[in-house]
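All of these numbers come straight from a predicted model, not from anything done at the bench. First the proteins, then the strands, lettered A, B, ... as listed; each starts at 1.
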Number of protein chains: 2
Amino acid sequence: MKYNRHARILDIIDKYEIETQDELAEKLRELGMDVTQATISRDIKELRLVKVLSPSGKYHYSSMNRESSNTGERLMVILKEAFVSCDYANNILVVKTLPGMAQAVGEIVDSLGWNDVVGTIAGDNTLMIVCRAEKIAEDLMEKFTRMVRGVS
Amino acid sequence: MKYNRHARILDIIDKYEIETQDELAEKLRELGMDVTQATISRDIKELRLVKVLSPSGKYHYSSMNRESSNTGERLMVILKEAFVSCDYANNILVVKTLPGMAQAVGEIVDSLGWNDVVGTIAGDNTLMIVCRAEKIAEDLMEKFTRMVRGVS
DNA sequence: AGTTGAAATGCATGTAAATACAACAGCAAA
DNA sequence: TTTGCTGTTGTATTTACATGCATTTCAACT
């Protein structure tokens, strides 16, 4: 019974913006699965679901993974995860990444199409970004750091 | 006042496993910032923090990003985000990724050290994984698909 | 300084979520 | 069959959280 329900729960939160556990219980009841809020609280714990804030300002349950559905967000996620640190000298920004990830991060930076960035070159875990001016490199470092800290 | 506090909150949830908003208020009070749970509820909303389940089975606040602190998890996140689809023929598994991400995914697969995988070679958005047997390729496809769906 | 409007906060309270406890179902060993 | 164990669920309750409303703070103006 339980695993079937878990699957349905994933379906439901994917399809609707579920704001409360009671609401979820309601949906399940419509599918003929009679459960209480207590059970759902436990399900949610097992499924490791989280309550996130939608752009609309409402909270809703989500699956933590696959949160980012569009490509832009997915790239950002990759960037954040692969990023280790960065520093600059003159107009060159040097980004350290997880091993083997520098190419990928370079690709992402390229894809952003910032035209203050002249070009990028990547090794294994190091990426160099050539900026038009030192100021740009500085700003960019700030930007990366901020981004990774989740401030957006 | 508020932005200062927001910064501290990020610090605190990074450093401690904060289970409740009251607990967070407590920590802030220790830093001389006198706030109530109500304010923190609003802060948390603005910072888009989420309550996630730790491995220990307890809930704690986290920044949604940077959730994956250890390298293994971070690689998994990248793998999930960069993955598009896969298929196989014989003992060769072909994985499609986002543009420019194939190298990175290949790197990750290599790093997993599965010895049923003979080797990998990556183009721009396509990765080929040479498996020891067709069965392995099939299993692997299953594994990837499952993983991306968030079931593990 | 006084006025005004917007943002931040606290207080009180209603709502949502987690859980202690008990009941029960399935199941394996005696 | 009985006993004891494990896992699932509901009930009742506690605990945690969100929010309406009143109050304060602060900056931008007269």
Side-chain angles (χ1 to χ4, degrees), chain A residues 1-65 67 146 149-152, chain B residues 1-65 67 150-152:
Chain A
M1 197 66 215
K2 192 168 71 156
Y3 293 99
N4 218 319
R5 190 178 60 241
H6 280 189
R8 296 307 175 104
I9 287 175
L10 291 174
D11 289 349
I12 291 170
I13 64 164
D14 210 37
K15 196 164 163 190
Y16 306 94
E17 299 247 307
I18 300 297
E19 293 181 40
T20 69
Q21 300 184 353
D22 278 324
E23 203 179 323
L24 189 47
E26 181 55 34
K27 290 282 181 199
L28 285 171
R29 236 171 274 120
E30 287 174 16
L31 296 177
M33 302 182 127
D34 235 23
V35 282
T36 60
Q37 173 267 324
T39 300
I40 292 185
S41 170
R42 291 182 272 248
D43 287 344
I44 283 175
K45 190 167 195 170
E46 286 180 49
L47 290 169
R48 307 179 83 94
L49 301 183
V50 292
K51 223 177 170 176
V52 301
L53 196 62
S54 4
S56 68
K58 297 237 171 200
Y59 279 110
H60 72 275
Y61 282 101
S62 156
S63 166
M64 182 69 142
N65 320 308
E67 168 55 12
R146 188 181 291 269
R149 289 180 150 257
V151 188
S152 180
Chain B
M1 198 64 217
K2 192 167 72 154
Y3 293 99
N4 218 320
R5 189 178 61 242
H6 280 189
R8 296 306 176 103
I9 288 176
L10 291 174
D11 289 350
I12 291 170
I13 65 165
D14 211 36
K15 196 163 164 191
Y16 307 93
E17 299 248 308
I18 300 297
E19 294 180 40
T20 70
Q21 300 185 353
D22 279 323
E23 202 179 325
L24 188 47
E26 182 54 33
K27 290 282 181 200
L28 284 170
R29 235 171 275 121
E30 287 174 16
L31 297 176
M33 304 182 125
D34 235 22
V35 283
T36 60
Q37 171 266 324
T39 299
I40 293 185
S41 170
R42 290 182 271 248
D43 287 343
I44 283 175
K45 190 168 196 171
E46 285 180 50
L47 291 169
R48 306 180 82 95
L49 302 182
V50 292
K51 223 177 171 178
V52 301
L53 196 61
S54 3
S56 68
K58 296 237 172 200
Y59 279 110
H60 72 275
Y61 282 102
S62 156
S63 165
M64 181 69 141
N65 322 306
E67 165 52 12
V151 188
S152 165

Q: May I have the distance from A:R29 (atom CZ) to D:dT9 (atom P), rounded to whole angstrom?
A: 14 Å
Q: Between D:dT8 atom P and A:N4 atom CG, what is the distance in whole Å?
A: 14 Å
Q: State, yes or no, whether a side-chain contact exists between A:H60 and A:Y16 at a heavy-atom distance under 4.5 Å.
A: no
Q: Just do the side-chain contact (heavy atoms from CB on, under 4.5 Å) check on B:L31 and B:I12 with the steps written out, would you?
A: CA-CA 11 Å; B:L31 297 176; B:I12 291 170; 4.1 Å; yes
Q: State whether A:Y61 places a side-chain N or O below 4.0 Å from either non-bridging phosphate oxygen (OP1 or OP2) of C:dA17.
A: yes
Q: What's B:T20 touching, base or sugar-phosphate or nothing? Going by heavy atoms closer than 4.0 Å.
A: sugar-phosphate
Q: Rounded to the Å, how far apart are B:E19 CD and C:dA17 C1'?
A: 15 Å
Q: Nearest whole angstrom, please: distance from the P of C:dT19 to the CD1 of A:I44.
A: 13 Å
Q: What is the separation between atom CD1 on B:I40 and atom C1' on D:dT15, rounded to the nearest whole Å?
A: 16 Å
Q: Return the value, rounded to whole Å, for the distance between atom CG of A:L49 and atom P of C:dA16.
A: 18 Å
Q: Regarding B:D43, tell me which of base, sugar-phosphate or nothing describes its non-hydrogen contacts under 4.0 Å with the strands shown.
A: nothing
Q: Could you tell me if the side chain of A:S63 sits less than 4.5 Å from the side chain of A:L49, heavy atoms only?
A: yes
Q: Using the side-chain heavy atoms of B:Y3, tell me which of these nucleotides is nearest: C:dA8, D:dT9, D:dC17.
A: C:dA8
Q: Distance check needed: C:dA17 C1' versus A:Y59 OH, whole Å only.
A: 14 Å
Q: Does B:Q37 make a side-chain donor-acceptor contact with the base of D:dA18, cut-off 3.5 Å?
A: yes
Q: Does a side-chain N or O from B:K45 land closer than 4.0 Å to OP1 or OP2 of D:dC17, or not?
A: no
Q: The side chain of A:R5 lies closest to which of these nucleotides: D:dA12, D:dT9, C:dA12?
A: D:dT9
Q: Want to settle it: does B:E46 or A:R42 sit nearer the 5' end of DNA chain C, counting the closest nucleotide to each?
A: B:E46
Q: Would you say the side-chain atoms of A:K51 pair up with the backbone N or O of A:E19, donor to acceptor, closer than 3.5 Å?
A: yes
Q: Classify A:T39 by what it touches in the nucleic acid, base, sugar-phosphate, or nothing, heavy-atom distance under 4.0 Å.
A: sugar-phosphate
Q: Has the side chain of A:R48 got a donor or acceptor atom that lies under 3.5 Å from a matching backbone atom of B:L53?
A: yes
Q: How would you label the contact of A:K58 with the nucleic acid (heavy atoms, under 4.0 Å): base, sugar-phosphate, or nothing?
A: nothing
Q: Determine: side-chain N/O of A:S41 to OP1/OP2 of C:dA17, distance under 4.0 Å, yes or no.
A: no
Q: Just how far, in rounded Å, is P of D:dT9 from CD1 of A:I9?
A: 10 Å
Q: Of the listed nucleotides (C:dG10, D:dA18, D:dT9), which one gets closest to any side-chain atom of A:K2?
A: D:dT9
